[in-house]
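Only one structure is covered here, and it is reproduced in the block below.
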Amino acid sequence: MLSMCKSRVDAWWLLFGSLTCALLLGTVTTTLFFGALSFWALREYITLTPTRPADHKTLVGVFFVLTPLQFILVGINPSWFLEKFHLESYFVYSALIPSLAFLILPATVAVSGDPKFFLERIAKLQVGLLICVYSLSFAPAMMTLSLPNSRPTNSLDIKAVNLEDAALRQFGETVVQIATPETEGNDVVENLAETNQKATAHRKTKAPNVTLLFAFVLLTQISDVAQFFWSLAFPKRKIAAKVNSRKTYYGVALGALTTALFAIALWYFLPFAHWLQAAFAGVIIAMMGFAGNMTISAIKRDQNVDDYGALIDGHSGVLDRIDSLCFAAPVFFHYVRVCCGM
């Protein structure tokens, strides 16, 4: 038991240390790091989830087209993308896989000419793409969120932020009122419109939120460790012993409470206006991390395997270590967007 605990903690520290190095090297390196993790995890998943020879061309497209494209869209400069295409990159990478790839994949498998186990093959590909690529891509996407430069610390700061937003809205309305057909071509009006567009873009695009991503990964790892050790401390009342022999109701509940307390402690580094929002973020991370652990465990039990691979000697695969990240990243990402009014 002690050796298992040590191997898990070592694996957690290995991934956390690698991410720290990537963050120090910049946002591009961080995005590449998560792209490599995604590729690695998807490879492990596909290796242990049998496919048929007819699926090989589809898999090439998934590995070498969809996966790189998803992380390119996530890591691209949002202000450059908005200026070039007049569309926020978020609306592209958030819809690429669930709205387009999930419809194209069945068609590409169908034209391969092998209908045997068609539904099972499609389900395996879509689940792997959803978990290993789409969901995980929302972790580096946190660095491009348009968050305030600093969290309001009191009512006066909150009022100041609201007044700034109101002033920007009023300025935009003034430009729209001035820009009538009669004033078309007027240099002053055009300059005002251009200034308004730049101000809006600046408001929506801030510096990379490296601190937010770092805090998210830290809280996710804290949640994993807390649930693991609390479940060992209170081994009764297993949640689903045939899926995961270690997870208990007490362990998950106390793990969520532990994560919430750490989130409150890290409130200063999070973009939430109230500590309760930070606490709820901790609960979200813990519960979605638990959902990821159970889902990957169920897939492993279904395939009769213990682990998806070997991260390092004596340790489990990378998918076993990032399952909680994959499930928590998109939910936490959109929770931050809602809390920050985006």
Are any of the side-chain heavy atoms of Q126 and P106 separated by less than 4.5 Å? yes
Over all heavy atoms of both residues, which pair between G255 and W230 is shortest? Give the atoms and the distance, please. N-CD1, 3.7 Å
Note: A101 and L66 closest approach over all heavy atoms is CB-CD1, 3.7 Å
Share the residues that join V111 in a hydrophobic cluster, the rule being Ile, Leu, Val, Met, Phe, Trp or Tyr side chains under 4.5 Å apart at the heavy-atom level. none
Members sharing V283's hydrophobic cluster, built from side-chain contacts under 4.5 Å between Ile, Leu, Val, Met, Phe, Trp and Tyr, are I239, V243, Y249, V252, M287, F290, M294
Suppose clustering is done on Ile, Leu, Val, Met, Phe, Trp and Tyr with side-chain heavy atoms closer than 4.5 Å. Which residues sit in the same group as L103? none
Close aromatic pair by centroid cut-off 6.0 Å: Y335 and F280: yes
Who passes side-chain hydrogen bond (donor to acceptor under 3.5 Å, both in side chains) against S112, sequence neighbours left out? none
Please lay out, stage by stage, how Q227 and S223 fare under the test side-chain hydrogen bond (donor to acceptor under 3.5 Å, both in side chains). CA-CA 6 Å; Q227 289 186 28; S223 170; 3.2 Å; yes
Report the hydrophobic cluster partners of V65, with the cluster defined as I, L, V, M, F, W, Y residues connected by side-chain heavy atoms closer than 4.5 angstrom, directly or transitively. none
Under a 3.5 Å distance rule, please check whether T144 uses its side chain to pair with a backbone N or O of A141 as donor and acceptor. yes
Name of the residue among D224, N293, T220 meeting side-chain hydrogen bond (donor to acceptor under 3.5 Å, both in side chains) with S324: D224
Value for OG1 (T47) from CG (L42), rounded to nearest 0.5 Å, stands at 9.0 Å
Contacts under 3.5 angstrom, residues 90-98 side chains, donor-acceptor by atom type, not counting sequence neighbours:
| residue | atom | partner | partner atom | Å |
| --- | --- | --- | --- | --- |
| Y90 | OH | H334 | NE2 | 2.9 |
| S94 | OG | Y90 | O | 2.6 |

Do F262 and T258 come within less than 4.5 Å of each other through their side chains, counting heavy atoms only? yes
Give a yes or no on whether Y250 atom OH has more than 12 heavy-atom contacts from other residues, nucleotides or ligands under 6.0 Å away. no
